[in-house]
Amino acid sequence: MKRVVAVGAAALLLLAIPVPALAHGLGGRKDLPVPLEFFVVGAAVVLLVSFGALAVLWPTPRLQDGPRFRGDGRAVPDWLGRTAAGFGLAFFALIVAAGLFGDPNARSNIAPVGVWVLFWLVVPFLAALVGNAWSFFSPWRTTGEMLGLDGPGGPGRAGVWPAAVGFVAFAWMELVSGRSAEPRFIGIAAVGYFAYITVIASRVGIDRTVASFDTFGVYNRLVSAISPLGRRSDGRVGRRGWLRALPVLPMWPGLVFFVIALIGTVTFDGLSATPWWDGVSFSLVGAAQRAIWFRTLGLLFALGVVGAAYLAASWTASRIARSPTMRTREVARSFAHTLIPIALAYAVAHYFTLILFEGQLIVPALSDPLGLGWDLFGTVDFKPNYTWLAPAVVWYVQVAVIVGGHLIGVVLAHDRALAVFPTDRAVRTQYAMLGLMVALTSLGLIILAV
Amino acid sequence: MRRAIALSMSIAIALVVSGCGDDTTATTAGPVDVAVTVVAGTVTVTVGGAPASDHVSVAEGAQVHLSVTSDVADEVHLHGYDLMVDLEEGVAGSIDFTANIAGIFEVELEASALHLIDLEVA
């Protein structure tokens, strides 16, 4: 008992340590707020286009009948897959080595930029363009296959719940722990995650592990449903009708939570950087506004708000539809895929400058990944250039991405409503979802504008 | 339908209005004096001699004189511009620079990881 108390006290003490406001682990340049006029134009476009076009021009469902691959597709050559797998393993080993044994200064070590920029942002963003390339690179998948950890495919009864919880944990490390930039922290987390995945894979097989427990496997799988490229049933990669893979995404248990987590974590990141949050949190708890316990509550609060808004919209749609088979829970599951483009848009709008500016740190880091004074490619003195992208360009891109992601979400939701609700009420059930999407977009824009 | 439009319009208006947050930061053209004092981990900021919040705005292109005094020896780091200055206990150290990179940049004490100010260059 005494030991429990001691551990509890230690944990509380840890939570009470104030953390510096590190920008995603790699302090550098942060974006200027989007000016009000961009915000107003963005919101107006959202309202007008969503309302006008859909109800009039889109009377029947069009996207619900499968991905419609074109042509015969292409097989991924064995050597290419194996090269990618080898590269993934080597890079993972480099990150772990740099994390555990390299220079403890974040900007002289490849681990922080490798994990928080390449692995956490660039890889999933690319998945939305070219499909789930990560499945070839994934070092734990390769290891599991080499160890012959066979088993059934698909997520099984747990669905994607474990991966979703893992996503929140990862976001917590990045945004709340305040230690995310420390190479040692990253090294230990990487080894721990690898061990966790391998242990699970030895029990249920690597395929089910990647589909259910592996946060990054599931994350890339979800985002890759946006891509115009995908895997056909015969395993070849082919071009498919755009936005046709999202509606046929299986409604795994935990999918709703995963999507809420995607949006909620970015919302927290943006919100907690606003002067509004600064003022409110200071008046609530004073200097503890930067403490881990308070930021943890803030993260959970953001998840709760986004989740509650989505469930409220689902409930409203279910009430309007009066369909016995589409209660709140079924509606929520049925429309979860419509939030994936919005989640991606949120992430891109918030983080693309982090990739373009802080991502430049990969150039010196490649020459001296462990901070040992090497200069492999003669680029070790390279300094990131923070001026090559004008703030106005950043604002245009941010607003365009948020609005675009929202419009795709509205189209998908409209199409799904026509498919699952009685025709005479389908458009009306849309009001709730449309309201939600407009609210989410506006929230996304507000966060960028204050 | 009409009700829905009215509803969304009012949401939009409310959002636009709430977007108009007032900015409490001082913007000055010409040389800007930013002084930061750290006593027992507490940060106080003055801009041009007047007390200010920890979010300091300057115009792009302005000359900035950033001076930091701390009761513990440490190193000041202005992120993005990547400028540093070593501090001795109780002795002001300063960084003079031209604010020619737009964005928001963190200034912190490196060893104690203490956040001093966010410098907004716009």
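Worth saying up front: this structure is predicted, and the values here are computed from it rather than measured. So that the names make sense, note that chain A is the first sequence line, chain B the second, and so on, each numbered from 1.
- Heavy atoms closer than 4.5 Å to chain A are found in the side chain of B:D82, but not in its backbone.
- Atom CZ of A:F282 has 12 or fewer heavy atoms from other residues, nucleotides or ligands within 6.0 Å.
- A donor-acceptor contact shorter than 3.5 Å is absent between the side chain of A:R29 and the backbone of B:H79.
- Listed here is the closest heavy atom pair of B:A102 and A:L32: CB-CD1, 4.1 Å.
- Remark: B:D118 CG to A:K30 NZ distance equals 4.0 Å, nearest 0.5 Å.
- Considering OH of A:Y386 and CZ of B:F105, their distance stands at 8.0 Å, rounded to 0.5 Å.
- Between chain A and the options B:I101, B:I104, B:T42, B:N100, heavy-atom pairs under 4.5 Å are most frequent for B:I104.
- Applying the 6.0 Å contact sphere to CD of B:E60 captures more than 12 heavy atoms from other residues, nucleotides or ligands.
- For A:P384, no part sits under 4.5 Å from any heavy atom of chain B, backbone or side chain.
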